[in-house]
Structures are given as structure tokens and as C-alpha cells.
K.L.:
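Handing you this structure, nothing more for now.
Both ligands and their constituent atoms are indexed starting at 1 by order of listing. Nothing here was measured: the structure is a model prediction, and the numbers come from that model.
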Amino acid sequence: MKSTSSEYDIYAVFGNPVAHSLSPLMHQAALDHTGQKAFYVPFCVTALREAVQGIRGLNIRGVSVTLPFKTAVMEFLDEIDQGARRIGAVNTIWNDQGRLKGFNTDWNGFVFALKKHTEIRGKKFVVLGAGGAARGIVYGLIREGGEPILVNRTASKAEALAREFGCAFAEEPGIEMVGADGLINTTPLGMSPRTEDTPWEGDDLHRFKVVMDIIYNPLETRLLKEARSAGCRTVSGLEMFIHQGAEQFKLWTGLEAPVAIMRQVVMDKLDANDPH
Ligand code: ATR
């Protein structure tokens with residue numbers, strides 16, 4: 001079917017809540033900067049099936065999918081790419097001439113961000129947490145030849161995830177005995193407003209060459225601050241967020257994303273929100 005009579009392309013984010021999503025700001029800046037006639041709109045979705053039908057009916061070009069819909073949305077799409085299927089979550093929909101295709105760019109964003117600071121192949125990474133976010137990270141690490149070691153408050157969940165992906169896991173007590181090159185936090189510990197929390201209470205962060213947090217609010221979590229003081233290289237969740245968005249942009253438009261612009265608008269917004 002030939003597309004719309006509107007001269008503007010529409011992109012969207014589906015979430016609930018969605019008011020705090022930084023995707024509209026980031027993607028609108030990218031669309032504007034590359035000269036696209038397009039709007040990127042946040043939708044607080046109350047009926048997911050109908051919302052996905054709306055992508056077809058309204059000829060929305062692409063959609064970012066956020067909590068709590070990343071898994072639930074999958075059954076309403078026409079195709080799911082291999083990575084998203086393995087991870088069990090879709091964060092990106094591309095409307096390819098009426099066919100809705102689901103992708104997961106969280107793992108690419110993560111890999112891109114981490115690779116700027118360290119090699120992944122042949123390296124061991126302690127991954128804290130075993131929820132939805134951990135799945136993308138474990139998938140990305142393994143694809144790049146890294147070796148995840150899963151650690152979680154509920155040990156049975158780390159064990160189950162490790163079995164599924166064929167990687168290692170460790171019990172929390174005794175984690176200080178586990179040798180690894182890097183540490184990656186996928187838990188919400190340290191996220192605003194509880195910025196005094198940390199997923200790593202030990203004073204031995206110096207044994208990791210690189211420490212990454214997937215949290216980007218605050219930009220530097222307590223974990224990253226302590227890691228920096230301990231001499232580790234640190235990677236903020238902002239980089240993962242920006243690069244998962246850049247991959248979305250590329251999928252939708254076929255263009256390289258203006259990453260520096262995207263980073264700048266998000267950082268300005270986070271700085272403006274920071275009460276300190
Ligand atoms: P997401 O899907 O965004 O990853 P999630 O599924 O709620 O979110 O997973 C969050 C992870 O952080 C889980 O592994 C959770 O541990 P449990 O499996 O024991 O629930 C972990 N987590 C959350 N709050 C935590 C806390 N206060 N201390 C330790 N781990 C925590």
C-alpha cells in the first residue's frame with residue numbers, strides 16, 4: 001500500500017508510563033539534524049494490541065518499545081529478528097511497508113558502548129542481576145566472544161539464566177573470589193532517587209579493569225564513582241542508551257545516526273534535572 005498523504009513521517013515510543021522517556025528528545029533531535037520531515041511522539045499505551053494495530057493504520061514508520069511492553073509486544077508483530085527472539089524482548093519496531101518487524105537494539109547499544117572501552121572477546125565479565133536487562137547483556141557478551149559470570153540476589157534466577165545461555169554463574173557470598181576483567185550492573189541499585197545505593201558494597205573494585213552501569217540517571221552512579229576512584233575505566237548507561245537509539249535510527253531511516261547530537265541533548269536534559 002502506498003503510504004500516506006501526510007508529508008511528515010511519524011515515529012513513536014510506546015510505554016506506560018512514558019512521560020519520563022528521553023527517547024522523544026533524542027530521536028527528534030536526530031531526525032531534525034538529518035533533515036527528516038518527521039515527528040517522534042510519546043504514547044502512553046493502555047491497550048497494546050490496538051496500539052500495534054495503530055502502527056499499521058496510521059502508517060507509523062518506527063516505534064521504540066519500552067517498559068512494560070518489550071516482551072508482550074512480540075505476539076502482535078509479523079516478524080521477530082533472531083537476537084530479539086533469543087533475548088525474549090523487542091525494543092524496536094520497524095514498519096516495513098506494512099510488515100511490522102521486531103528487533104532488539106539494547107544489546108547492540110550495550111556492546112558498542114562497552115567496546116569503546118575494552119575488548120570483549122576472551123574476557124570475563126561479572127554481570128549483576130538476572131532480569132530482563134541482563135538477558136540482552138548476556139546475549140551481547142556471548143555474541144562478542146565474552147564470558148559472562150552471572151550473580152544475582154536470587155541465586156536460582158542467575159542459575160536458570162546461565163543454563164539457558166550456557167554461561168557461568170556464581171553465588172553472591174564468595175563473589176570476591178571470582179576473577180574477572182569487568183563488572184556490569186544490570187540491577188536498579190543506585191538509580192535516582194536512591195543514589196546512595198550500590199550493587200557492590202566491597203572495597204575491591206580495583207580488581208576490575210572496567211566497570212559499567214546500565215543506569216544513566218544519575219550519569220555517574222555511586223558504583224561508577226567508586227570504580228573511578230579505584231582506578232577502573234567506567235562506562236555510563238548513557239552510552240548504551242544513546243547507541244541503542246542510534247541503532248534504531250539506522251534501522252528506520254537507513255542513515256547513520258548523529259550520535260554526538262543525540263548525546264548532547266540527553267546530557268543537557270539530565271544535567272538540567274540534576275538537583276546538585
Ligand atoms: P529488568 O527487567 O529491568 O532487568 P527486573 O526484572 O526487575 O528488571 O530485574 C532486576 C534485577 O535486579 C533482578 O535480577 C533483581 O534481583 P531478583 O532476581 O532477586 O529480584 C535485581 N534487583 C532488584 N532490586 C534489587 C536489590 N534491592 N538488591 C539486589 N538485587 C536487586
K.L.:
List ligand 1's nitrogen or oxygen atoms that come under 3.5 Å of a protein nitrogen or oxygen, with the partner atom and distance.
P.N.:
unit_1, atom_1, unit_2, atom_2, d
ligand 1, 2 (O), Gly132, N, 2.9
ligand 1, 4 (O), Gly132, N, 3.2
ligand 1, 4 (O), Ala133, N, 2.9
ligand 1, 14 (O), Ala130, N, 2.8
ligand 1, 14 (O), Asn152, OD1, 2.7
ligand 1, 16 (O), Asn152, OD1, 3.2
ligand 1, 18 (O), Asn152, ND2, 2.8
ligand 1, 18 (O), Lys157, NZ, 2.8
ligand 1, 19 (O), Arg153, NE, 2.9
ligand 1, 19 (O), Thr154, N, 3.2
ligand 1, 19 (O), Thr154, OG1, 2.4
ligand 1, 20 (O), Arg153, NH2, 2.9
ligand 1, 27 (N), Arg153, NH1, 3.4

K.L.:
Please say whether more than 12 non-hydrogen atoms of neighbouring residues, nucleotides or ligands are located less than 6.0 Å from CZ in Phe112.
P.N.:
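No.
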
K.L.:
Are Phe69 and Val45 side-chain neighbours, meaning at least one heavy-atom pair lies under 4.5 Å?
P.N.:
yes

K.L.:
Run the salt-bridge test on Asp181 and Lys124 with the 4.0 Å N-O cut-off and return the result as yes or no.
P.N.:
no

K.L.:
For a side chain to side chain donor-acceptor pair (under 3.5 Å) with Asn185, tell me which candidate from Asp213, Thr198, Thr221 qualifies.
P.N.:
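The option that passes is Asp213.
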
K.L.:
Atom CD of Glu247 and atom OG1 of Thr92: how far apart are they, to the nearest 0.5 Å?
P.N.:
9.0 Å

K.L.:
Is it the case that over 12 heavy atoms from other parts of the model lie below 6.0 angstrom from the CD atom of Gln82?
P.N.:
no

